[in-house]
Amino acid sequence: MIEKEKIITDVYNALQKKVAYEDIIIEQPKERSMGDLAIPCFGFAKILKKAPQQIASEIKENLKGDYHSVVIAGGYLNFFLKRAGITEKVLAEAHHDGYGQLSFGGGKTIVIDYSAPNIAKPFSVGHLRSTVIGNALRNICQKCGYQVVGINHLGDWGTQFGKLIAAYKKWGDEEKIRKNPIDELTALYVRFHQEEQNDEKLSDEGRYYFRQLELGNEECVNLWRWFREESLKEFMKTYQLLGIDNFDTYDGEAFYNDKMQKVIEELDDKNILTNSEGAKVVTFDQLPPALIEKQDGATLYITRDLATAFYRKKTYDFAEALYVVGNEQQLHFQQLKAIIKKMGYNFADDIFHVNFGMILQDGKKMSTRHGKTVKLHDVLEEAIEKVSSYTNDYELKRKVGIGAVIFNDLKHYRTNDVEFNLDDILRFEGETGPYVQYTYARIQSLLKNKKEMSITMENIVINDLIWYLVFKVYNFSNIIEKAKNDYDPSQVAKYVLTLTQDFNKWYAEERIMEGDENYIQFKLLVCEAVGSVIKESLSLLGVEAPKKM
RNA sequence: GCGUCCGUAGAUCAACUGGAUAGAUCGUCUGACUUCGGAUCAGAAGGUUGUGGGUUCGAUUCCUACCGGACGCACCA
């Protein structure tokens with residue numbers, strides 16, 4: 001926002017540059033009635049050895065610049081801006097598609113790794129967060145002018161496939177799996193687990209088949225490929241419901257099988273590996289050691305992730321690589337970055353673990369083992385079903401139901417754990433997606449009254465409620481930039497909530513369609529601007545904005 | 001045991017990362033124009049910010065010790 005820099009510069013000059021430019025902080029006052037922007041003067045007190053209030057009044061005396069008014073309150077200097085100029089500018093620009101677009105990304109590439117469900121396991125609500133946060137970050141980064149590559153790093157490899165193949169050969173039924181792949185495969189896996197407890201031979205069998213799979217045994221590979229295809233088909237149904245199906249690649253763990261040996265060799269060459277109890281590990285000063293190769297020569301999660309990171313750097317030459325993965329993997333990513341750094345690559349600093357809190361149930365982690373998984377697809381369908389009391393239009397029900405689910409997740413700051421609560425997810429009133437969508441739809445119906453006519457600002461009084469809306473719309477791109485820098489979509493969600501709340505307050509207070517025609521059309525322009533920012537915000541979050549609902 | 005994160009109204013979350021009288025939503029209670037869309041709006045009640053110290057002009061935010069919780073910590077991913 002230009003006004004912020006103007007004010008800082010004016011204050012800087014008024015202080016006769018006795019205070020460093022960077023030390024001048026600008027913020028929004030607690031209450032909007034106190035001013036549009038504020039400069040706290042407490043920090044200057046030490047440097048200038050005067051009371052903050054006194055400094056504030058001295059600044060005010062020496063201040064040049066075109067403000068509506070400047071008010072001293074406590075140690076604060078509160079600025080009221082001239083409304084007309086900004087309003088005119090905002091109304092001229094905000095209704096264009098793509099309002100708020102930024103360019104600081106400069107076309108550089110950001111790789112985002114998100115969603116990543118596990119093959120042959122249910123797509124649970126636990127995967128919702130990674131999926132929607134990753135998708136929102138994708139949109140936000142694009143809005144900032146970055147090129148984005150969205151990667152769905154499927155969990156499609158590992159010893160569990162040996163077990164699954166063994167289980168299938170024992171008890172599997174092709175027909176059943178075709179009909180209901182995930183449930184059947186999960187059932188096989190669970191049964192194998194149970195019987196394994198009493199029968200050690202089974203464990204050996206599982207290991208045997210995984211080894212065969214690794215060696216490329218045709219039957220095993222074909223089974224694996226089939227499991228993967230069937231699972232992915234079913235995942236796609238969920239992705240389509242969510243409206244998040246635009247991944248650039250679904251290459252998962254298996255894709256890196258032939259790329260790990262090179263990494264191990266390089267680690268060896270650089271003398272980073274040490275031997276410990278027959279396994280190869282990397283040790284650190286500050287972190288616990290990372291196991292790279294097992295006693296039996298098999299690779300591990302971090303080995304694969306190293307290969308992945310190098311492949312991505314080479315393929316995409318990213319400026320940033322984001323991993324939208326839960327809190328519980330923090331140590332893993334610290335180790336990953338530390339190893340890459342040890343190998344002498346600075347791009348380790350461009351890797352960011354965008355961590356998020358878990359979805360808990362009864363205060364505990366959900367897990368397949370305890371039978372505590374809730375399938376995401378079921379939750380989504382329930383959400384859609386709940387809209388039936390408002391409409392029969394399926395597409396509309398989908399947009400609203402899914403909007404509620406996605407918005408509910410994204411409005412919370414990502415790193416906190418959240419308790420799974422179906423009632424909260426399915427709520428349509430208050431701080432929810434449908435509330436925002438409803439406001440948008442209401443605006444669209446108002447806009448039917450809009451005429452193609454030029455208006456004059458001369459006789460228009462921009463009252464507080466209108467001004468708050470305009471000023472907020474004006475601030476949109478700042479929010480996007482902040483959301484990108486913090487990798488935090490919730491800032492967009494919170495922003496659009498307050499914008500719609502403000503709008504609804506105004507709507508209840510002032511009749512839009514009353515007054516002279518010039519004023520009516522002016523108000524409709526305000527509506528249009530607010531509507532377009534609501535729509536843009538929702539689309540950044542991956543939520544659709546129906547025109548009617 | 002060690003490490004990371006968390007603890008704010010009855011519930012779910014905010015607080016611009018150290019700033020002004022700690023704000024919203026749900027729930028509860030009371031209201032709203034013979035309606036530009038009531039999936040809305042106005043109002044009421046609800047707080048010693050887990051506890052005790054400390055740092056400073058100023059602390060929900062930083063430091064410290066406890067209490068309580070979640071998650072990690074070598075052959076799963």
Side-chain angles (χ1 to χ4, degrees), chain A residues 25-31 34 38 40-43 45-46 51-52 73-76 78 116 118 121 155 157-160 253 276-281 286-302 304-305 325-332 334 355 357-358 360 363-365 387 389-390 400 404 408 411-413 415-419 421 423-424 427-439 441-449 478-479 482 486 490-491 494 497-498 500-501 503-514 520 523-524 527 548-549:
Chain A
I25 299 160
I26 189 154
E27 55 195 30
Q28 295 202 5
K30 202 121 207 127
E31 301 283 330
M34 298 193 280
C41 299
F42 307 97
K46 249 187 204 154
Y76 287 90
N78 291 335
N118 294 317
K121 284 193 188 165
W157 201 255
T159 44
Q160 76 267 26
E253 293 166 1
S276 171
E277 295 168 36
K280 292 180 182 174
V281 304
Q286 306 286 344
L287 300 169
L291 192 59
I292 303 291
E293 199 181 283
K294 296 200 264 185
Q295 282 171 345
D296 63 5
T299 55
L300 284 143
Y301 180 40
I302 198 158
R304 200 173 298 273
D305 255 10
V325 180
N327 280 336
E328 66 267 31
Q329 291 194 26
Q330 258 183 89
L331 178 59
H332 168 76
Q334 283 172 358
N355 59 317
M358 280 171 307
L360 303 177
K364 293 269 188 276
K365 188 179 175 178
V387 191
S389 51
Y390 298 94
V400 175
N408 176 261
K411 76 180 176 188
H412 298 132
Y413 183 58
T415 66
N416 296 335
D417 291 346
V418 292
E419 176 73 22
N421 182 337
D423 291 341
D424 269 352
R427 187 159 284 145
F428 295 165
E429 286 156 22
E431 295 172 329
T432 65
Y435 170 84
V436 178
Q437 288 171 319
Y438 176 77
T439 307
R442 186 190 240 175
I443 288 172
Q444 295 319 299
S445 102
L446 275 171
L447 287 179
K448 285 176 195 142
N449 301 303
N478 286 25
I479 301 294
K482 221 168 161 298
D486 297 344
S490 77
Q491 299 197 23
K494 283 167 199 153
L497 264 178
T498 58
T500 45
Q501 282 168 341
F503 179 84
N504 284 324
K505 219 163 272 180
W506 177 48
Y507 180 87
E509 192 91 3
E510 184 172 353
R511 309 274 302 176
I512 308 296
M513 296 308 296
E514 273 173 20
I520 288 174
K523 285 187 284 187
L524 287 171
C527 292
K548 276 187 207 162
M549 60 186 276

Review point. Expressed in whole Å, how much space separates the P atoms belonging to B:rG58 and B:rG1?
Key: 37 Å

Exercise for review: Using whole Å, report how far CD of A:E509 lies from C1' of B:rC36.
Suggested key: 15 Å

Point to revise | Is_stacked (A:Y438, B:rG37) at 5.5 Å, 30 deg | key: no

Review point. Base, sugar-phosphate, or nothing: which does A:M358 touch, judged by heavy atoms less than 4.0 Å apart?
Key: sugar-phosphate

Check your understanding: What distance, rounded to whole Å, do you find between the two P atoms, one in B:rU61 and one in B:rU56?
Key -> 16 Å

**Study point:** Any side-chain heavy-atom pair of A:L446 and A:Y507 under 4.5 Å
**Key:** yes

Practice item. Give A:Q295 one of three labels, base, sugar-phosphate or nothing, depending on what nucleic acid heavy atoms sit under 4.0 Å from its own. Key: base

Review point. What nucleic acid atoms does A:Q501 come within less than 4.0 Å of, heavy atoms only: base, sugar-phosphate, or nothing?
Key: sugar-phosphate

Exercise for review: Please evaluate the base of B:rA24 for a donor-acceptor partner in the side chain of A:T498 within a cut-off of under 3.5 Å?
Suggested key: no

Point to revise | A:D423 (side chain) and B:rA11 (base): donor-acceptor pair under 3.5 Å | key: no

Check your understanding: Which word best sums up how the rings of A:Y301 and A:H332 line up, parallel for under 30°, tilted for 30 to 60°, or perpendicular for over 60°?
Key -> parallel

Check your understanding: Which part of the nucleic acid, if any, lies within reach of A:Q286 when heavy atoms closer than 4.0 Å are counted: base, sugar-phosphate only, or nothing?
Key -> nothing

Point to revise | Rounded P spacing from B:rA65 to B:rG3 in Å | key: 10 Å

Point to revise | Atom-pair distance (CG on A:D305; P on B:rA77), nearest Å | key: 11 Å

Check your understanding: What nucleic acid atoms does A:V418 come within less than 4.0 Å of, heavy atoms only: base, sugar-phosphate, or nothing?
Key -> sugar-phosphate

Exercise for review: Mind calculating the distance between CD (A:Q491) and C1' (B:rA15) to the nearest angstrom?
Suggested key: 12 Å

Point to revise | Interatomic distance, A:Q330 CD vs B:rC2 C1' [rounded to whole Å] | key: 16 Å

Check your understanding: NA contact type, A:N416, heavy-atom cut-off 4.0 Å: base, sugar-phosphate, or nothing?
Key -> sugar-phosphate

Exercise for review: With C1' as the reference atom in both, quote the distance from B:rA9 to B:rU4 in angstrom, rounded to an integer.
Suggested key: 29 Å

Point to revise | Span that lies between the P atom of B:rA70 and that of B:rU8, in whole angstrom | key: 15 Å

Exercise for review: Identify whether any heavy atom of A:K411 sits under 4.0 Å from a base atom; if not, whether one sits that close to sugar-phosphate; answer base, sugar-phosphate or nothing.
Suggested key: nothing

